[in-house]
Amino acid sequence: MALHIIDHPLVQHKISLMRDKNTGVKEFRELVSETAMFICYEATRDLPLKEIELETPLALAKAKIISGRKLAFVPILRAGLGMIDAVTTLVPAAKIGHLGMFRDAESHKPVKYYSKMPDDIAERDVIIVDPMLATGCTAVAAVKELKNYGVKNIKFMCIICCPEGVETLQTAYPDVDIYAGVMDEKLNEDKYIVPGVGDAGDRIFGTK
Ligand code: URA
C-alpha cells in the first residue's frame, strides 16, 4: 500500500493555477492534462523493459523498450475524461475502459450508470483516472467493479486527494497504489475537497 505525492514544482505550479477561480475552461482543461502527464509519468515508472538490438545511424546498439504487461486506463466519467488525452499520449498502446459513476446528491454515495471495458481487461494492469479523490467512495466502487472483471493490478491516479479519500481507498484496497499531485486539507460538508478546485467536471467541460 503506497501513496505517491508527485510534488514536482511544475505540478505544484499547475495545480495552483487550477485552484484559481478565475482560471477559465480552456486553461483549466489544459492544466488538468499537463498535470495528468506528470503524474502518469510516475505511475508508470515500474513498467517492465526488455532489451532489443537496433541500428542507430552510427552503430549497432542495445536499447530498451517497454515490454510485457499490457496497460489500460479507466477514466471515471466524466471528469476522468479530462486526463485521458494526456495518459494516452504517454502510453499510446494502452486500451481505455469507461466507468460512469455519479455521486447521489443526498447520500453522496456513488451510483454506477455505465461500464464498458476492453474484452481483455482481466489481463491488463489498470490505472483508474479521476482528478479528485474526495470521499473515496467512488474510487472504492471503481476498484470493486474492476476486480469483478478479474483485474489484478490496479493503481489509482488523481490530481488532488484528501486524507479521508486516501484512508477510505487504502482501507478497502491496500493493494491499490495511489498517485496524486497534492494532498489537500479536508472535505467540506458537501464532500468537496477544500481548498480544492471546485467541481472538476464542471470546470473541465464548462458546465457551470
Ligand atoms: N469532485 C470534484 O469535482 N471536486 C471535489 O472537490 C470533490 C469531488
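Counting convention: from 1, in listed order, for ligands and their atoms alike.
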Going by heavy-atom distance to atom 4 (N) of ligand 1, choose the closest among Pro195, Ala200, Gly198.
Gly198
Is there side-chain contact between Cys161 and Phe156, with heavy atoms separated by less than 4.5 Å?
no
So, do Thr207 and Arg78 sit near enough that their side-chain heavy atoms are less than 4.5 Å apart?
yes
Looking only at protein heavy atoms, which one is nearest to [atom], and how far off is it?
{"atom": "atom 7 (C) of ligand 1", "result": "Ala134 CB, 3.6 Å"}
{"atom": "atom 5 (C) of ligand 1", "result": "Tyr192 CD2, 3.4 Å"}
{"atom": "atom 6 (O) of ligand 1", "result": "Ile193 N, 2.7 Å"}

Checking the N or O distance criterion of under 3.5 Å, is ligand 1 in contact with Met132?
no
Is the closest N or O pair between Gly201 and ligand 1 shorter than 3.5 Å?
no
Check Leu90, Ile159, Leu10 against Phe38 for a side-chain contact (heavy atoms from CB on, under 4.5 Å) and give me the one that passes.
Leu10
Chi angles and distances behind the salt bridge (Lys or Arg N to Asp or Glu O under 4.0 Å) call for Asp85, Arg29
CA-CA 11 Å; Asp85 277 357; Arg29 199 184 293 137; over 6 Å; no
For Leu133 and Gly136, work out which heavy atoms get closest and say how close.
CD1-CA, 3.8 Å
